[in-house]
Structures are given as C-alpha cells and as structure tokens.
Amino acid sequence: MTNQAEMEHLQCVIIGSGPAGYTAAIYAARADLKPVVYTGIVPGGQLTQTTEVDNFPGYPQGITGPIMMEDLKAQAERFGTDVRFGYATKVEFSKDGGTHKVEIDGTKWVSAETVIIATGATAKWLGLPSEEKYNGFGVSACAVCDGFFFKGQDVAIVGAGDTAAEEATYLAKLCRKVYMVVRKDEFKASKAMVHRVQNTANIEVLFNTETEEILGGEQGVNAVRVVNNQTKETRVLDVTGFFVAIGHKPNTELFQGVLDMDETGYLVTKSDSTATNIPGVFACGDVQDHIYRQAITAAGTGCMAALEAERYLAAKESGE
Ligand SMILES: Cc1cc2nc3c(=O)[nH]c(=O)nc-3n(C[C@H](O)[C@H](O)[C@H](O)COP(=O)(O)OP(=O)(O)OC[C@H]3O[C@@H](n4cnc5c(N)ncnc54)[C@H](O)[C@@H]3O)c2cc1C
C-alpha cells in the first residue's frame with residue numbers, strides 16, 4: 001500500500017511524452033486540468049528516433065522528428081503543462097471511480113483523479129549492428145512513414161506476418177522492386193494477405209532467408225547481404241531501403257493484471273473511446289492501436305483521451 005501522507009494530488013497525470021501524450025496535454029491544459037506529463041526514458045517518444053517526418057499535417061516542408069516533438073512539448077507547456085522527466089514504475093488504480101495512484105521512478109507516488117496512458121509501443125528489430133548504424137538512413141521500421149522516400153527504388157522488407165505482407169504490397173506500389181525476406185519456408189500472414197503478395201508482380205519473396213548485414217556508405221544503405229539458412233548460399237540485394245516488419249511490443253508491462261489487454265499486450269479501450277476498463281483511466285496512441293501506428297492517429301486519440309478525462313471529471317463533480 002502507498003503512504004498517503006504528503007502525496008501530491010493531481011487532476012490529470014499523463015504517462016508518456018510522444019504525440020499522444022503531448023496532444024492529450026495540450027487539450028487537458030487548455031481545459032485547466034493542470035496536467036503533469038511524465039516523459040519516460042524516451043522524452044518525445046518514437047519520433048525522436050527518426051529523421052524526416054513528411055506526413056504530419058501542418059509542416060508543408062516536412063520536419064525532423066526531434067524538432068516536431070520539441071514543438072509539441074513547447075505547445076503543451078505554453079498552456080501550463082508540467083513536463084517532468086520520470087518513469088512510471090507501479091500503478092494502483094481505483095476500480096470504483098476513486099483516486100488513482102502512480103509510482104514514479106520507484107521512489108515517489110502521485111495521486112490523480114484521471115490518468116492518461118500514452119506509453120506507446122516499441123518496434124522490434126533484428127539486432128544487427130549495421131541495422132542500428134543505418135537506422136534513419138535507409139533502415140526503417142515503418143513502411144507507411146518512410147516508403148515515400150524510396151519511390152522508384154529497390155527495397156527489401158523483413159517479416160512474414162500480416163503487417164509485413166501489407167507493408168510489402170504498400171511498398172510495391174511506390175518502389176520498383178520489393179524483396180520480401182522470410183526466415184521460414186512459409187508466411188505467418190493470413191491467406192488473403194499472402195494471396196495479395198503473391199499476386200504483386202514486383203515483389204520477390206525469399207523464403208528460408210535471413211539478413212546477415214546491411215551494407216552502406218555515406219549516403220546510407222546501398223545493399224543488403226542475405227543468406228539462405230538451408231543452402232547457406234549468400235546473396236547481395238542492391239537496395240537503398242531496408243524495412244523491418246517483425247512486430248511491435250506495446251509498453252504495457254506496468255498494467256498487466258490491472259487493465260484489459262488483447263493477446264499481444266495492447267490496451268483495450270471501449271468502442272469509439274479511449275476509456276479503459278477502469279473509470280478515470282484512459283489510453284491513447286500506439287499503446288492501444290496496433291493497426292495505424294502513426295503520429296497523427298496517436299495525436300488524435302490523445303485529444304480524445306483529454307476530452308474524455310475532462311468530461312469524466314465534470315460528471316464526477318456534478319455527482320452524475
Ligand atoms: C523509425 C520510425 C519512424 C517513424 N516515422 C513516422 C512518420 O514519419 N510519420 C508518422 O506519422 N509516424 C511515424 N512513426 C510512428 C510514430 O512514431 C508513432 O506512431 C507515434 O510516435 C506513437 O506515438 P505515442 O505517443 O503513442 O507513443 P510513442 O511515440 O511511442 O511514445 C511513448 C512515450 O511513452 C513513454 N513511456 C513508456 N513507458 C513509460 C513509463 N512506464 N513511464 C513514463 N513514460 C513511459 C516513452 O518514454 C515515450 O515518451 C515512426 C516510428 C518509427 C519507429
């Protein structure tokens with residue numbers, strides 16, 4: 001149990017500082033909820049790990065991920081959001097509409113009337129040093145985000161599931177040739193998606209194949225060396241883009257056994273809402289969205305979460 005004495009009490013605490021968390025903060029602050037954002041260990045979230053962001057409305061010339069996230073933070077702070085560097089380590093949520101508690105950095109507890117969870121998701125990577133070296137310079141974990149930069153070029157994508165299949169067909173519309181690198185001798189994707197891949201002329205599927213190294217120079221990626229794990233034969237693919245589509249992991253360990261999740265750990269929210277199974281606790285962004293996973297959709301649900309938090313508090317105050 002937590003020690004109630006001298007615990008800071010907030011109207012709204014926001015866990016996470018990506019586009020979802022900061023957008024929730026902008027709306028919550030403008031509604032006078034005096035939100036506190038705990039940034040987590042990646043202040044600004046996933047976009048701080050990318051270079052160009054070309055698809056967020058409002059930036060006609062594009063923007064770099066880190067600058068865009070500084071802009072969002074500044075906008076949230078302009079309305080009085082208190083942005084703190086801190087990591088939520090434990091939660092105690094009240095099931096009956098009471099006060100919620102969040103432990104920060106394993107040392108301090110805050111209590112709050114409403115909690116907005118915006119802890120995002122983490123893309124899974126192969127773990128190759130060259131993958132890290134060229135991340136943002138030809139290596140990407142998001143075809144929808146970065147495919148455009150490889151228009152008319154040859155690219156490779158790794159993965160065998162529905163997302164990989166969908167991203168391969170997306171890339172095939174933009175790129176000249178798409179190599180799909182599949183570790184096993186079959187897809188994990190649904191039949192419909194496999195059918196789509198097989199019927200796309202410019203996708204070449206390489207089964208039983210693994211990535212050995214991503215090759216490049218000052219301009220970024222210029223090839224990928226793959227190996228057939230049966231024959232041990234290696235092959236160099238002349239590609240300028242390398243997409244990793246082997247899944248994402250939602251950052252939800254903290255909420256296990258507390259909030260409803262799907263089988264892969266994404267938080268489940270009510271239909272057309274960001275409400276979780278606990279009154280006063282809302283979830284937005286990639287942590288509850290395994291379909292779109294975009295900055296703009298994260299921002300959209302961040303807005304929803306703040307509006308719902310405000311309405312929840314208003315209803316509570318008026319005794320509804
Ligand atoms: C390489 C790359 C390029 C991308 N490019 C684009 C693009 O061009 N356009 C686009 O629309 N989308 C792009 N995306 C996707 C986009 O980044 C995500 O959809 C978006 O960032 C999700 O926002 P979010 O706020 O839900 O979570 P995230 O951005 O994942 O942020 C999560 C936040 O939660 C914090 N956190 C996690 N756990 C805790 C905890 N316990 N306590 C406190 N804080 C915590 C983290 O520190 C982080 O601040 C890209 C993603 C990647 C990986």
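Just so you know, ligand 1 is whichever comes first in the structure, and atom 1 is the first atom listed for that ligand.
Considering backbone and side-chain N/O of Asp146, none are found under 3.5 Å from N/O of ligand 1. In terms of polar-atom proximity, defined here as any N/O pair under 3.5 Å, Ala141 makes no such contact with ligand 1. Note: no N/O pair closer than 3.5 Å links Ala298 and ligand 1 by distance alone. Where the criterion is an N or O separation shorter than 3.5 Å, residue side chain and backbone included, Ala20 meets it with respect to ligand 1. Taking any N or O of Gln294, backbone or side chain, at least one lies under 3.5 Å from an N or O belonging to ligand 1. Between Arg293 and ligand 1, a contact under 3.5 Å exists for at least one N or O pair. The shortest N or O to N or O distance between Gln49 and ligand 1 is not under 3.5 Å. Considering backbone and side-chain N/O of Ala295, one or more are found under 3.5 Å from N/O of ligand 1.
The Gly16 neighbourhood of ligand 1 comprises atoms 33 (C), 34 (O), 35 (C), 44 (N), with distances under 4.0 Å to a heavy atom of that residue. Distances below 4.0 Å separate heavy atoms of Val42 from the following atoms of ligand 1: 46 (C), 47 (O), 48 (C), 49 (O). Shown in contact with Ile41 at under 4.0 Å from a heavy atom are these atoms of ligand 1, numbered in order with element: 47 (O). Taking every heavy atom of Ile15 and a limit of under 4.0 angstrom, the matching atoms of ligand 1 come to 40 (C), 42 (N), 43 (C), 44 (N). Of all atoms in ligand 1, listed by their number and element, those nearer than 4.0 Å to a heavy atom of Ala121 are 30 (O). For ligand 1, the atoms closer than 4.0 angstrom to any heavy atom of Tyr38 are 43 (C), 44 (N). Counting atoms of ligand 1 from 1 in the listed order, those under 4.0 Å from a heavy atom of Gly285 are 26 (O).
Checked for salt-bridge contact, Glu210 and Arg183 miss the test: no charged N lies under 4.0 Å from a carboxylate O. Under a 4.0 Å N-O distance rule, the pair Lys73/Asp71 does not qualify as a salt bridge. Checked for salt-bridge contact, Asp272 and Lys270 miss the test: no charged N lies under 4.0 Å from a carboxylate O. Of the charged side-chain nitrogens involved, none lies within less than 4.0 Å of a carboxylate oxygen, so that Arg196 and Glu166 do not count as a salt-bridged pair. Looking at Glu204 and Arg235, a side-chain N of the basic residue comes within less than 4.0 Å of a carboxylate O on the acidic one, giving a salt bridge.
In this model, no donor atom of one side chain and acceptor atom of the other lie less than 3.5 Å apart for His100 and Glu113. With hydrogens and angles left out, the side-chain atoms of Gln46 and Asp286 include a donor and acceptor closer than 3.5 Å. For the residue pair Thr264/Asp262, the side-chain donor-acceptor check at 3.5 Å is satisfied.
Checked against the 6.0 Å centroid threshold, Tyr27 and Phe79 do not count as a close aromatic pair. Aromatic rings from Tyr38 and Phe85 are positioned such that their centres are separated by 6.0 Å or more.
From the protein, the heavy atom lying nearest to atom 31 (O) of ligand 1 is Gly45 CA, 3.5 Å. Among protein heavy atoms, atom 18 (C) of ligand 1 sits closest to Asp286 OD2, 3.3 Å. Here the protein heavy atom with the shortest distance to atom 51 (C) of ligand 1 is Gln46 OE1, 3.7 Å. When only non-hydrogen protein atoms are considered, atom 27 (O) of ligand 1 lies nearest to Gly120 CA, 3.4 Å. The nearest protein atom to atom 37 (C) of ligand 1, hydrogens excluded, is given as Thr119 O, 3.4 Å; this is a heavy-atom distance. When only non-hydrogen protein atoms are considered, atom 8 (O) of ligand 1 lies nearest to Cys145 CB, 3.4 Å. The single protein non-hydrogen atom nearest to atom 9 (N) of ligand 1 is Asn55 OD1, 2.8 Å, given as residue, atom name and distance. The nearest heavy-atom contact from the protein to atom 46 (C) of ligand 1 is Thr39 O, 3.6 Å.
Put simply, the side chain of Asp162 gets close to the backbone of Ser190: a donor and an acceptor are under 3.5 Å apart. A donor-acceptor contact shorter than 3.5 Å is absent between the side chain of Asp105 and the backbone of Thr107. Panel note: side chain Thr274, backbone Thr301; no donor-acceptor pair is recorded below 3.5 Å.
Between His290 and Tyr266, the angle of the ring planes lies from 30° to 60°, which puts this pair in the tilted group.
Taking all atoms of both residues into account, the shortest heavy-atom contact from Glu212 to Leu128 is O-CD2, 3.7 Å.
Residue Tyr87 places a heavy atom less than 4.0 Å from ligand 1. Using a 4.0 angstrom heavy-atom cutoff, Ala123 does not count as in contact with ligand 1.
The residue from Ala118, Gly18, Gly40, Pro19 that puts a heavy atom closest to atom 21 (O) of ligand 1 is Pro19.
Residue Ser140 does not touch ligand 1, judged by heavy-atom distances below 4.0 Å.
Of the options Val83, Ile14, Thr81, a side-chain contact (heavy atoms from CB on, under 4.5 Å) to Tyr22 is made by Val83 and by none of the others.
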